[in-house]
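Heads up, the thing below is written out as structure tokens.
Owing to the predicted nature of the structure, the values given are computational and were not obtained by experimental measurement.
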Amino acid sequence: MQQVSQRLRLAHLLILSSALAGCGPAGPTKYPVQGQVTFKGEPIVKGTMTLIPDSPAGRTATAPIADGKYSAELTEGSWTVNVQAVRETGPVIPALGEAPREQFIPAKYNRESTLKISVPSDEPEHNFALEP
């Protein structure tokens, strides 16, 4: 009888320690960020926003752009924003099975971007009206 009682105590202890092991911090706090992205006054139909933290401890985040809108969750800090979008430039090439495409967002908004946002901010909405 005493052996059964010890085994039950051990089982309870293992269950309790397993449950407590998952109760630590879930990582840094993330803040919602969202907004609209336009190019020449028109919503970017389909593209990608890459958000690069200024802090080396941060992790790069990506957010799809659909119908001119994006949303992401970012940790606290300053972020460089890169916007990319491609469009078809001709008919489908049968050998490739797709049409040729071009990056139509200027480099000043992606490879050479100086667009910045700070998180958290008073407003989670950050809109970008891109011009050629």
Side-chain angles (χ1 to χ4, degrees):
M1 188 74 156
Q2 190 176 14
Q3 253 184 344
V4 173
S5 179
Q6 286 178 339
R7 286 184 183 166
L8 282 174
R9 281 190 203 138
L10 182 58
H12 284 113
L13 182 61
L14 287 172
I15 291 169
L16 181 61
S17 64
S18 294
L20 291 175
C23 292
T29 302
K30 292 190 175 185
Y31 301 90
V33 176
Q34 61 193 16
Q36 297 182 9
V37 188
T38 59
F39 182 66
K40 295 193 221 178
E42 297 294 323
I44 294 175
V45 175
K46 185 177 180 183
T48 303
M49 180 178 288
T50 304
L51 300 127
I52 303 166
D54 287 355
S55 166
R59 297 186 76 181
T60 299
T62 58
I65 301 169
D67 298 321
K69 297 180 182 181
Y70 76 94
S71 67
E73 288 190 345
L74 304 175
T75 55
E76 184 174 351
S78 181
W79 296 78
T80 299
V81 178
N82 292 352
V83 178
Q84 296 187 1
V86 295
R87 62 179 165 212
E88 294 181 354
T89 60
V92 172
I93 299 171
L96 298 176
E98 62 182 42
R101 299 174 188 192
E102 71 174 354
Q103 166 66 252
F104 67 93
I105 304 297
K108 66 183 176 180
Y109 300 121
N110 44 66
R111 291 188 317 267
E112 302 165 7
S113 181
T114 58
L115 298 174
K116 293 280 194 183
I117 61 171
S118 291
V119 176
S121 66
D122 293 339
E123 290 292 324
E125 190 161 311
H126 298 273
N127 298 318
F128 299 95
L130 311 179
E131 293 296 330

Non-hydrogen atoms of [X] and [Y] that approach each other most closely:
X	Y	result
Pro91	Pro100	O-CD, 3.3 Å
Ala63	Ser71	CB-O, 3.4 Å
Trp79	Gly77	CD1-O, 3.3 Å
Pro106	Pro132	CG-CA, 4.1 Å
Val37	Leu130	CG1-CD1, 4.1 Å
Gly41	Glu131	N-OE2, 4.0 Å

key: Ile52 reachable from Tyr70 in the ILVMFWY side-chain graph, under 4.5 Å edges   = no

request  = Decide whether Val86 and Phe128 are clustered together by the hydrophobic rule: side chain heavy atoms of Ile, Leu, Val, Met, Phe, Trp, Tyr closer than 4.5 Å, transitively.
outcome  = no

Hey, does [Y] have a side-chain heavy atom less than 4.5 Å from the side chain of [X]?
X	Y	answer
Val33	Leu51	no
Pro64	Thr48	no
Asn110	Gln103	yes
Pro120	Glu76	yes

Starting at [atom1] of [X], measure out to [atom2] of [Y] and round the result to the nearest 0.5 Å.
X	Y	atom1	atom2	answer
Lys116	His126	NZ	NE2	13.5 Å
Met49	Ile44	CE	CD1	7.5 Å
Thr89	Phe104	OG1	CZ	12.5 Å
Leu74	Thr29	CG	OG1	12.5 Å

Whether over 12 other heavy atoms sit under 6.0 Å from Glu123 CD = no

message = Side chains of Asn82 and Gln84 only: does a donor on one sit below 3.5 Å from an acceptor on the other?
response = no

query = Side-chain donor-acceptor pair under 3.5 Å between Asp54 and Ser78, yes or no?
reply = yes

request  = Using salt bridge (Lys or Arg N to Asp or Glu O under 4.0 Å) as the criterion, list what pairs up with Arg87, not counting sequence neighbours.
outcome  = Glu102

task = Only counting residues at least two apart or in another chain, list the ones meeting side-chain hydrogen bond (donor to acceptor under 3.5 Å, both in side chains) with Gln36.
result = none

